Amino acid sequence: MQVFNSRDKSYKSIISALATDEKCHFRIIVPRSLNCHHATLCIRKEGDGEYPVYYDMFWAGMCGDYDEYWELDFLASTFGLYFYHFELETPWGTNLVKNNGNGVGEINASDSDFQLTVYDKSFKTPDFIKGGIIYQIYPDRFYNSKTPKKNVPASRVMREWGGEPYWNEAQMNGIWNNDYFGGDLRGIEKKLPYISQLGVSCIYINPVFEAHSNHRYDTGDYEKIDSLLGTQEDLESLCRTAKEKYGISVILDGVFSHTGCDSKYFNMYSSYDSVGAYNSKESPYYSWYKFIEWPDDYHAWWGIKLLPEVIEEDESYREYICGENGIVRKWLRSGISGWRLDVADELPDIFLDDLRKAVKAENEDALIIGEVWEDATNKFAYGQRRRYLLGDELDSVMNYPFADAILNFVRFGSGEYFFNSVMSIVENYPPQVLHSLMNHIGTHDTERAITRLAGPDPEGKGRQWQHDNNRLDTYDYLRGISMLKMASLIQYTLPGVPSVYYGDEIGMQGMKDPFNRSCMEWDNANEELLRWYRRLGQIRRGTKALVTGEFKPIYCENSAIAYVRECEDSKLLVAINNNDEETVITVGEEWDNSYPHFDYTSHQGRIILPPHRYTILVK
């Protein structure tokens, strides 16, 4: 039976992570028949040894005729990751109350303790991102302003806009990712009116610094904008116009775990005037790299020799990136509002600590988003538990757990799995992080959302198979549009900030890299879907509860769900029927006179939804 529920305020007064010195009230409900004579909270802080601390609970009276309350107040004075369970002493021995996997505490249910994240009470995250919308742009493929470019390397293969990205060896001619379509920073600035109409408040741009591939994750020079994208002045103009005219902030991709081998720092091909680490052991950059046997044997990112790994702990590297006149602060001074950190889980704590200090010293309201694919509060990497979200490293992360929860629910329909996935993040994350999460359902690293929803699974399939299955037939495409509407409605109403990968809003398709990185189809937009995204943007930007409102599941039956977002003076309800038959969703009579954003309303506390339909009610 249920003795405790970590996701229910009648058992635990604070559902989310706790701040240091913040008091949380715990309550368990124990069957009277157990004859419990002593109850304790058994809690252990990770890193403080394996022995937990026991806190006595007090008997707090009867709960009905057959159960009784045991309660206590708890607070932690130091931040970190804590794990806890309850122990009940009875005439027949000790009973353990542990997590059954869904936040429910049952007697002798499992060996799983509950997690309690405790963050530094001084931890703040930027307010500008909360309640907004992020728009992600892969700059080479978004829009070509036709501005003449200077100093573009002759080796680059320039393509006609709209062509299929090169994907096989014969096309590449031995040089991967060397085909370019000419999208640039001025092109993004020209399309700011379009972006603004989506309700966007922040643009995230994939790498823009000088590099020698179309994805630019192989940085050649952190101090320069890639010549094909424009100039530093173009970036400054984009940031200034976006902010002053449209209220849109710009954040850039920071790739700091590795550089390109063709860079001024490594300089394998002597393309730069500098003395690179590959050229001489006397290079000022030599200590940055992990040479096994200089110069040709070195550690590279995922073994890709084009991407030599750097030693982020190296003092001179940290000074170059994070120092007072370092890269991080240079580009903040140029007008950007923050950084998205590529493979943040591969950056050591000492580097992330320095980076946060640099960012916040330059602009305390600047944003730091990390690429972490798992629950970032309990991520274990490089032999230790990471502390990304405890107050001295990241502000937010890319929310892959929500993406999986949304896409799996829309495609496969398990409401219980959806709510468990969402509530796990709600429970583990600090609230200021939760409301800043980058909630995507597709990025440059995944197949496009409509393809993942309505197409075949590309996992384990090669590029030839992906090429052959890259386009949906008419039936699946139309089905995919309907599914994407449902997925984006959920995405826009969960805690955090929805992030739209350029082109998803007009129905662009694509398997994994490079098929998901094709040119923006400006002349082939699905207008129905585009109108839908604009409407979602209006709803989101006009509803206070979607900024920092609490998330409450209120209905779950098979593939039908309903949840509420609620703050002091604003409430929003989302009801979704993903079943194949009409479903009655019980929400309570308080919603009977609320404003419907769609066709379906509450009558006598019930919403009747046809198959695969949804509604939003606002009070």
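When reading the values below, keep in mind they use all heavy atoms of this one structure, side chains included, and skip hydrogens, waters and symmetry mates. Keep in mind that what you see is a predicted model, and the values were worked out from it rather than measured.
Qualifying salt bridge (Lys or Arg N to Asp or Glu O under 4.0 Å) partners for Lys245, counting only residues two or more places apart in sequence or in other chains: none. Applying the salt bridge (Lys or Arg N to Asp or Glu O under 4.0 Å) criterion to Asp569, with sequence neighbours excluded, gives Lys544. Shown here are the side-chain hydrogen bond (donor to acceptor under 3.5 Å, both in side chains) partners of Arg385, two or more places apart in sequence or in another chain: Glu46. With sequence neighbours excluded, the residues forming a salt bridge (Lys or Arg N to Asp or Glu O under 4.0 Å) with Arg186 are Asp234, listed by chain and number. Partners of Arg534 under the salt bridge (Lys or Arg N to Asp or Glu O under 4.0 Å) rule, at least two apart in sequence or in another chain, do not exist in this structure. When the ring-ring contact (aromatic ring centres under 6.0 Å, His included) test is applied to Phe402, no partner is found at least two apart in sequence or on another chain. A search for side-chain hydrogen bond (donor to acceptor under 3.5 Å, both in side chains) contacts involving Trp522 returns nothing, not counting sequence neighbours. Partners of Gln115 by side-chain hydrogen bond (donor to acceptor under 3.5 Å, both in side chains), not counting sequence neighbours, listed by chain and number: Thr117, Thr377, Asn378. With sequence neighbours excluded, no residue satisfies ring-ring contact (aromatic ring centres under 6.0 Å, His included) with Trp591. Glu374 is linked by a side-chain hydrogen bond (donor to acceptor under 3.5 Å, both in side chains) to Lys379, counting only residues two or more places apart in sequence or in another chain.
Side chain of Asn577 to backbone of Arg613: no donor-acceptor contact under 3.5 angstrom is found. Under the 3.5 Å distance criterion, the side-chain polar atoms of Asn516 are matched with a main-chain donor or acceptor of His444. Using modelled atom types, no side-chain atom of Asp504 and backbone atom of Val500 make a donor-acceptor pair closer than 3.5 Å. Checking side-chain atoms of Asp395 against main-chain N and O of Ile369 turns up no donor-acceptor pair under 3.5 Å. Between the side chain of Ser421 and the backbone N or O of Tyr417, at least one donor-acceptor pair lies under 3.5 Å. Between the side chain of Ser201 and the backbone N or O of Ile133 there is at least one donor-acceptor pair closer than 3.5 Å.
Glu528 and Lys485 are joined by a salt bridge, as a carboxylate oxygen and a charged side-chain nitrogen come within less than 4.0 angstrom of each other. Using a 4.0 Å cut-off between a side-chain N of Lys or Arg and a carboxylate O of Asp or Glu, Asp468 and Lys461 do not qualify as a salt bridge. Using a cut-off of 4.0 Å between Lys/Arg side-chain N and Asp/Glu carboxylate O, Lys121 and Glu22 are scored as not salt-bridged.
Here CG of Asn439 is found 10.5 Å from CE of Met398. Values are rounded to the nearest 0.5 Å. Atom OH of residue Tyr614 and atom CG of residue Asn578 lie 10.5 Å apart, to the nearest 0.5 angstrom. The line from CD1 of Ile336 to CH2 of Trp331 is 8.5 Å long, rounded to the nearest 0.5 Å. If you take CG on Leu529 and CD1 on Ile506, they are separated by 9.0 Å, rounding to the nearest 0.5 Å.
Between Tyr533 and Tyr492, the ring-plane angle classifies as perpendicular under the 30° and 60° cut-offs.
A side-chain N or O of Gln136 and one of Asn206 form a donor-acceptor pair less than 3.5 Å apart. For the residue pair Asn593/Tyr595, the side-chain donor-acceptor check at 3.5 Å is not satisfied.
Ring-centre distance between Phe598 and Trp532: below the 6.0 Å cut-off.
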Using a 3.5 Å cut-off and no angle test, enumerate the donor-acceptor pairs between side-chain atoms of residues 551-558 and protein atoms at least two apart in sequence or in another chain.
residue, atom, partner, partner atom, Å
Lys552, NZ, Glu566, OE1, 3.0
Tyr555, OH, Val584, O, 3.4

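Within the structure, the salt bridge (charged side-chain N to carboxylate O under 4.0 Å, His left out) test picks out no pair touching residues 576-587 (sequence neighbours left out).
Judged by the 6.0 Å and 45° rule, Lys191 forms no cation-pi pair with Tyr502.
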